[in-house]
Amino acid sequence: MSETPRQTLRERLEAEARADVDPAVTPDVGIVMGSSSDLPVMREAHRALEEVGFFEQSTIDEPPAADRRTYETFVISAHRTPELMMTYGQTAARRGLALIIAGAGGKSADLPTMLASVAFPLPVIGVPVDEAALGSVIGNPTGAPIVAVDAGKAYNAGLAAAQVIGASDPEIRARLTEFHAAQAATVAAESLQLHEGGVDLSGL
Ligand code: RP5
């Protein structure tokens, strides 16, 4: 019987890994962050994934419809819950995840880099939640790879994760292509409007 949320979480992760469930019905992308205070930045990764066709999955007992891609979310601290970080990383592949987005902030933002080592060979996309975290998130030694986005760019981490999944999923690839075209159209429309309408200098 579990006594603490930390034990409950570890036992759940280990049970899911042992269950050997078809990866088609488990989350594809794991989004983890060092603190709930990282959520305002990290939820941009969720937003990007939703925009290209992913949705959130909280339990393997409620599997997605066929062909739907999903993500899950956890708060895991490398320093405050190191054993939970180890369990998450060690069970990630067996739980059916294809990759992990990991964010942390501050000068000791060790969650992304440590998870990259523990979950290897699953790819980890690191998000420095703030500028102070940049060096510690991108600074893994040779042989312990991590890919990372710039400080605060969790949205790009979501898109990059979708690109990885899209390499073998035509539906996600099509959604990414639509997203890209819509973005280009918006920039072009803004450019035309600015060029033809001129710059409004009133109020300066
Ligand atoms: C890091 O410390 C977390 O990722 C967060 O960015 C930072 C501060 O955490 P809290 O003190 O807000 O929980 O580990």
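The shown structure was predicted, so the numbers you read here are calculated from the model rather than taken from an experiment.
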- Task: Heavy atoms only: give me the nearest L134-P128 pair and the separation to one decimal.
- Result: CD1-CG, 3.6 Å
- Item | Flag, side chain of R175 to backbone of E51, donor-acceptor distance under 3.5 Å | yes
- Item | Nearest non-hydrogen partners of H46 and M42, listed with the distance | ND1-O, 3.2 Å
- Around atom CD of E83, are there more than 12 heavy atoms of other residues, nucleotides or ligands at under 6.0 Å? yes
- Is it true that L122 and V127 fall in one hydrophobic cluster, defined by side-chain heavy atoms closer than 4.5 Å? no
- Task: Taking T26 for its side chain and R95 for its backbone only, find out whether a donor-acceptor pair lies under 3.5 Å.
- Result: yes
- Query: Between CD of E72 and CD of Q57, what distance do you get to the nearest 0.5 Å?
  - Reply: 8.0 Å
- Looking at CG of L9 and CD of E14, how far apart are the two atoms once the value is rounded to the nearest 0.5 Å? 11.0 Å
- Message: Please determine whether residues I76 and L99 belong to a single hydrophobic cluster, defined as Ile, Leu, Val, Met, Phe, Trp and Tyr linked transitively by side-chain heavy-atom distances below 4.5 Å.
- Response: no
- Task: Would you check, one step at a time, whether the test side chain to side chain contact (heavy atoms under 4.5 Å, CB included) holds for I101 with M33?
- Result: CA-CA 8 Å; I101 296 172; M33 60 204 85; over 6 Å; no
- Query: Angle class for the F74/Y88 ring planes (parallel below 30°, perpendicular above 60°, tilted otherwise)?
  - Reply: perpendicular
- Message: Assess the residue pair D38 and V41 against the criterion (side chain to side chain contact (heavy atoms under 4.5 Å, CB included)); give the C-alpha distance rounded to whole Å, side-chain angles, the decisive distance to 0.1 Å, and a yes or no.
- Response: CA-CA 6 Å; D38 297 327; V41 170; 5.7 Å; no
- Find out if a path of hydrophobic residues (ILVMFWY) with successive side-chain heavy-atom gaps under 4.5 Å connects I125 to F120. no
- Query: Only one of L97, V118, L13 forms a side-chain contact (heavy atoms from CB on, under 4.5 Å) with T91, so which one is it?
  - Reply: L13
- State, to 0.1 Å, how close A116 and N140 come at their nearest heavy-atom pair, and which atoms those are. CB-ND2, 4.3 Å
- Item | Lys/Arg-Asp/Glu bridge criterion (N-O < 4.0 Å) met for R47, E50 | no
- H180 atom NE2, neighbour heavy-atom count above 12 within 6.0 Å: no
- Could you check if a side-chain atom of T177 sits within less than 4.5 angstrom of a side-chain atom of F179, using non-hydrogen atoms only? no
- Message: Looking at R173, I want to see if its CZ is surrounded by more than 12 non-hydrogen atoms of other residues, nucleotides or ligands under 6.0 Å.
- Response: yes
- Item | Point-to-point distance, once rounded to the nearest 0.5 Å, from CG of L115 to CD1 of I100 | 5.0 Å
- Task: Would you mind reporting whether Y155 and V149 have side-chain heavy atoms less than 4.5 Å apart?
- Result: no
- Full working for side chain to side chain donor-acceptor pair (under 3.5 Å) between T70 and E56: CA-CA 5 Å; T70 63; E56 189 146 32; over 6 Å; no
- Item | Straight-line distance of E11 CD to R18 CZ, nearest 0.5 Å | 8.5 Å
- Message: With rounding to the nearest 0.5 angstrom, report the CG to CZ distance, D20 to R94.
- Response: 9.5 Å
- Message: Strictly distance-based, threshold 3.5 Å: is any side-chain N or O of E190 a donor or acceptor partner for the main-chain N or O of A185?
- Response: no
- Item | Evaluation steps, side chain to side chain contact (heavy atoms under 4.5 Å, CB included), between I146 and I138 | CA-CA 7 Å; I146 186 167; I138 65 175; 5.8 Å; no
- Under 3.5 Å: donor-acceptor pair, side chain of S191, backbone of V187: no
- Can a salt bridge be assigned to the pair E171 and R68 using a cut-off of 4.0 Å between side-chain N and carboxylate O? no
- Do you know which two heavy atoms are closest between A162 and V52, and how far apart they sit? CB-CG2, 3.6 Å
- Answer yes or no: is there a donor N or O on one side and an acceptor on the other, between the side chain of D130 and the main chain of A133, under 3.5 Å? yes
- Task: Please answer: with hydrophobic residues joined when any side-chain heavy atoms are less than 4.5 Å apart, are I165 and V21 in the same cluster?
- Result: no
- Message: Quick check against the 3.5 Å criterion: does T81 have a side-chain atom that pairs as donor or acceptor with the backbone of L84?
- Response: no
- Smallest heavy-atom separation, P112 atom then A109 atom, equals CD-O, 3.7 Å
- Message: Apply side chain to side chain contact (heavy atoms under 4.5 Å, CB included) to residues H79 and S108 and explain how you reach the verdict.
- Response: CA-CA 9 Å; H79 303 103; S108 299; 3.8 Å; yes
- At their closest point, which heavy atom of G106 faces which heavy atom of S136, and how far apart are they? O-OG, 4.2 Å
- Message: Distance check, rounded to the nearest 0.5 Å: T87 atom OG1 versus Q7 atom CD?
- Response: 11.0 Å
- Verdict with reasoning, R69 to D169, per salt bridge (Lys or Arg N to Asp or Glu O under 4.0 Å): CA-CA 9 Å; R69 294 296 191 155; D169 184 323; 2.6 Å; yes
- Item | Co-membership, hydrophobic cluster, residues V124 and M85, 4.5 Å side-chain | yes
